[in-house]
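Throughout, residue positions are numbered sequentially from 1 according to the sequence presented.
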Amino acid sequence: MAVAEILIRSSAVVSSDAASAEPAHIEALAVRAYFLVLALLGLAAFALGIENRLTPALFAIAPPVDLVPPLGEQAWYAAFVLHQQDPVFSACGGAESLAQFKLLYWWEWLRRGSVLLLGGVLASGFFAAAVVPEYRIALRRLAGLALIGAAYLAAVLLLDLAAARVEDLMRYNVGQYRHALDVTFLSVAIALALAAAIVPRAHPFGRASWVWIALIVLDICSGALFAARDAGSVWRSFPGYETGLFPPLGRLTAYAPLWLNLTFNQYTIQFVHRVLSIGLWMALIANMIWNGRRDLRALARPAALFVLVTAEMAAGIATLLLGASAAAAFLHEVGAIVLLAVAFVFLASPRRAP
């Protein structure tokens, strides 16, 4: 009789656990879907707002757009005439057809719409995570995104202060540095959202994991500055340079003071990005050798990161050889986001249950 009671109680516990596990599984799927939507919206804002080089034939200054776009050919023509009367358009010697204006208008309309939608989805996620207990597993990931946003605002403020007070920066277009900041911080934010779509619950990082993450982010930052300064236009070959395997020192130290070469000299910026990328690639090889000597089963994740870094380097080399194609450069930057997202997933160390 006692055995029967134990079996009945055990089956009841198992059934209750299964019943409670099913809603938790549904909630985890909902959180994953939310972060996936957030990552896709961030990628749309990235493509439409930052990588507007995908429309090189269009005028650089976007026209003012309304919530409701022009309806009918007459409305489109009136908006086109108004755009041509813009003093900035005239000063820059703008010349475009009505069809090009429509494309530029829709591009700007979609960019603003994606940014507004992204902000609304992010705010709704914070509200749901704060109000609904079942969705609080997303709170740490959302807090991480908020910290990235706060760090971006602080970096922009420091850039503006430096541009206003550092005499050596006053001579140059600091908008290029703002572009580099946009690419870097948005890449990190999208990668974190993509990682949260794979693993919703945040896990702590060890010291070694933080080092790897910092190296990848630093490489992304140098690549963002590479794109902002159009550093791909100075050297088109790989692995060598114009005079041989190593770059001429005079090219790398042409600006004074010397620190300006790291932020403005196209030759130095490209050289630094190459060194960081190759260094990360070689460090992953050393890491695989080290882990393989200890345990072959520990090779899976370092090997996956190595494959991604190799593919990312191949995409960067192809972009360089193709003459810094905008489409190839965009795919290269998306690859960096995927690499960082996978690193967030692989390098996290979940706490073991007692």
Undergrad: Taking all atoms of both residues into account, what is the closest heavy-atom pair of S114 and L48, and its distance?
TA: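 For S114 versus L48, the nearest heavy atoms are OG-CD1, 4.0 Å.
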Undergrad: Work out which heavy atom in V31 is nearest to a heavy atom in A138; give both atom names and the distance.
TA: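 Residues V31 and A138, closest heavy atoms: CG1-CB, 3.9 Å.
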Undergrad: Let me confirm one number: the CD-CH2 distance from Q266 to W235, rounded to the nearest 0.5 Å.
TA: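 Result: 10.5 Å between the selected atoms.
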Undergrad: Should M313 and I278 count as side-chain neighbours, where that means a heavy-atom distance under 4.5 Å?
TA: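 Yes, side chains in contact.
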Undergrad: Main chain of A231, side chain of Y267: is a donor-acceptor contact present, judged purely on distance under 3.5 Å?
TA: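 A pair under 3.5 Å: no.
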Undergrad: Tell me, do L122 and L142 make a side-chain contact under 4.5 Å, heavy atoms counted?
TA: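 Contact flag for L122/L142 side chains = yes.
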Undergrad: If two hydrophobic side chains count as joined below 4.5 Å and joins carry through other members, does L331 share a cluster with L308?
TA: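 No; L308 is not reachable from L331 via cluster members.
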Undergrad: Answer yes or no: is there a donor N or O on one side and an acceptor on the other, between the side chain of N265 and the main chain of Y255, under 3.5 Å?
TA: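 Such a contact is absent between N265 side chain and Y255 backbone.
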Undergrad: Is the distance between the ring centroids of Y105 and W76 under 6.0 Å?
TA: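 Distance test on ring centres: under 6.0 Å, yes.
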Undergrad: Any side-chain heavy atom of D160 sitting closer than 4.5 Å to one from R178?
TA: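 Side chain of D160 against side chain of R178, heavy atoms only: contact under 4.5 Å found.
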Undergrad: In terms of relative ring orientation, are F330 and F46 parallel, tilted or perpendicular, with 30° and 60° separating the classes?
TA: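 If you compare the ring of F330 with that of F46, the planes turn out tilted.
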Undergrad: When L340 is tested against each of L192, V217, L194 for side chain to side chain contact (heavy atoms under 4.5 Å, CB included), which residue passes?
TA: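 Of the listed options, the one satisfying the test is V217.
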Undergrad: What pair of heavy atoms forms the shortest contact from S222 to H273, and how long is it?
TA: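 Reported closest heavy-atom pair: OG-ND1, 2.8 Å.
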Undergrad: Do I148 and L218 share a hydrophobic cluster, counting only Ile, Leu, Val, Met, Phe, Trp and Tyr and linking them when any side-chain heavy atoms are less than 4.5 Å apart?
TA: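 I148 does not cluster with L218.
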Undergrad: Is there side-chain contact between F271 and T268, with heavy atoms separated by less than 4.5 Å?
TA: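 No, their side chains stay 4.5 Å or more apart.
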Undergrad: Would you say that more than 12 heavy atoms from the other residues, nucleotides or ligands in this model lie under 6.0 Å from the CH2 of W109, or not?
TA: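 No, the 6.0 Å shell around CH2 holds no more than 12 heavy atoms from other groups.
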Undergrad: When rounded to the nearest 0.5 angstrom, what distance separates OG in S277 from CG in D219?
TA: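 Nearest 0.5 Å value for the OG-CG distance: 3.5 Å.
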Undergrad: Measuring from Q270:CD to L225:CG, what's the distance to the nearest 0.5 Å?
TA: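 Result: 12.0 Å between the selected atoms.
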Undergrad: Is L153 reachable from L181 through a run of hydrophobic residues whose side-chain heavy atoms are each under 4.5 Å from the next?
TA: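 Yes; L153 is reachable from L181 via cluster members.
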Undergrad: Under a 4.5 Å cut-off applied to non-hydrogen side-chain atoms, are Y152 and D182 in contact?
TA: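 Yes; the side chains approach each other to less than 4.5 Å.
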Undergrad: Quick one: side-chain contact (heavy atoms from CB on, under 4.5 Å) partners of L147, sequence neighbours excluded?
TA: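 With neighbours one apart ignored, the set is empty.
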Undergrad: Kindly indicate whether the side chain of F226, heavy atoms from C-beta on, has any atom under 4.5 Å from the side chain of L320.
TA: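 Yes, close enough: below the 4.5 Å cut-off.
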Undergrad: Going by the side chain to side chain contact (heavy atoms under 4.5 Å, CB included) test, name the single residue among L40, I337, L38, V338 that passes it with I190.
TA: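 Single pass found, and it is I337.
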Undergrad: Can you tell if the side chain of L321 reaches within under 4.5 Å of the side chain of R236, non-hydrogen atoms only?
TA: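 Side chain of L321 against side chain of R236, heavy atoms only: no contact under 4.5 Å found.
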Undergrad: What's the shortest heavy-atom distance between W107 and A47, and which atoms?
TA: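 Closest approach of W107 to A47, heavy atoms only: CZ2-O, 3.6 Å.
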Undergrad: About how many Å separate CZ of R229 and NE2 of H179, when rounded to the nearest 0.5 Å?
TA: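 Rounded to the nearest 0.5 Å, the NE2-CZ separation comes out at 12.0 Å.
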Undergrad: Considering only Ile, Leu, Val, Met, Phe, Trp and Tyr, and joining two whenever side-chain heavy atoms are under 4.5 Å apart, list the other residues clustered with L161.
TA: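 So far as hydrophobic clustering goes, L161 is joined with L157.
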Undergrad: Test of understanding: clusters of I, L, V, M, F, W, Y form through side-chain heavy atoms closer than 4.5 Å, transitively. Do L158 and V183 belong to the same one?
TA: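 No, L158 and V183 fall in different hydrophobic clusters.
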Undergrad: A quick test of your reading: do over 12 heavy atoms of other residues, nucleotides or ligands sit less than 6.0 Å from CZ of F127?
TA: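 Atom CZ in F127 is not packed in, count stays at 12 or less.
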Undergrad: Can you confirm whether I285 is buried at CD1, in the sense that more than 12 heavy atoms of other residues, nucleotides or ligands lie under 6.0 Å from that atom?
TA: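 Yes, enclosed.
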Undergrad: Applying side chain to side chain contact (heavy atoms under 4.5 Å, CB included), run through N287 and R301 and close with a yes or a no.
TA: CA-CA 11 Å; N287 183 258; R301 293 187 176 186; over 6 Å; no
Undergrad: With no hydrogens and no angle check, is any side-chain donor or acceptor of W212 less than 3.5 Å from a backbone partner on L347?
TA: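 Answer holds: no.
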Undergrad: Less than 4.5 Å apart, any side-chain heavy atom of L284 and any of M288?
TA: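 The answer is no; the side chains never approach within 4.5 Å.
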Undergrad: Could you walk me through whether L339 and L305 pass the side chain to side chain contact (heavy atoms under 4.5 Å, CB included) check?
TA: CA-CA 7 Å; L339 169 64; L305 287 176; 4.2 Å; yes
Undergrad: Holding to ring pair (Phe, Tyr, Trp, His ring centres under 6.0 Å), I want the full list of residues that pass it with H332, two or more places apart in sequence or in another chain.
TA: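 Counting only residues at least two positions away or on another chain, H332 forms no ring pair (Phe, Tyr, Trp, His ring centres under 6.0 Å).
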Undergrad: Using the six-membered ring of F35, assess whether NZ or CZ of R141 lies under 6.0 Å from its centre and within 45 degrees of the ring axis.
TA: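 No - R141 does not lie over the ring of F35 by the 6.0 Å and 45° rule.
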Undergrad: How many angstroms lie between atom CG of L276 and atom CD1 of I220, to the nearest 0.5 angstrom?
TA: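 Those atoms lie 11.5 Å apart.
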Undergrad: Say you draw a straight line from CD of E333 to OG1 of T184; how long is it, rounded to the nearest 0.5 Å?
TA: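 If we round to the nearest 0.5 Å, E333:CD and T184:OG1 are 9.5 Å apart.
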Undergrad: L260, L159: one ILVMFWY side-chain cluster at the under-4.5 Å cut-off?
TA: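 Linked within one cluster.
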Undergrad: Would you say CH2 of W106 has more than 12 non-hydrogen atoms from neighbouring residues, nucleotides or ligands within 6.0 angstrom?
TA: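 Atom CH2 in W106 is crowded, with more than 12 foreign heavy atoms closer than 6.0 Å.
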Undergrad: Just checking, is any N or O donor in the side chain of T253 or N261 under 3.5 Å from an acceptor N or O on the other one?
TA: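 Their side chains do not contain a donor-acceptor pair, so the 3.5 Å distance test is not met.
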Undergrad: For the residue pair A146 and F126, what are the closest heavy atoms and their distance?
TA: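 Residues A146 and F126, closest heavy atoms: CB-CZ, 3.9 Å.
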Undergrad: Where is the tightest heavy-atom contact between V115 and A45, given as atom of each residue plus distance?
TA: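 Heavy-atom minimum between the residues: CG2-CB, 4.4 Å.
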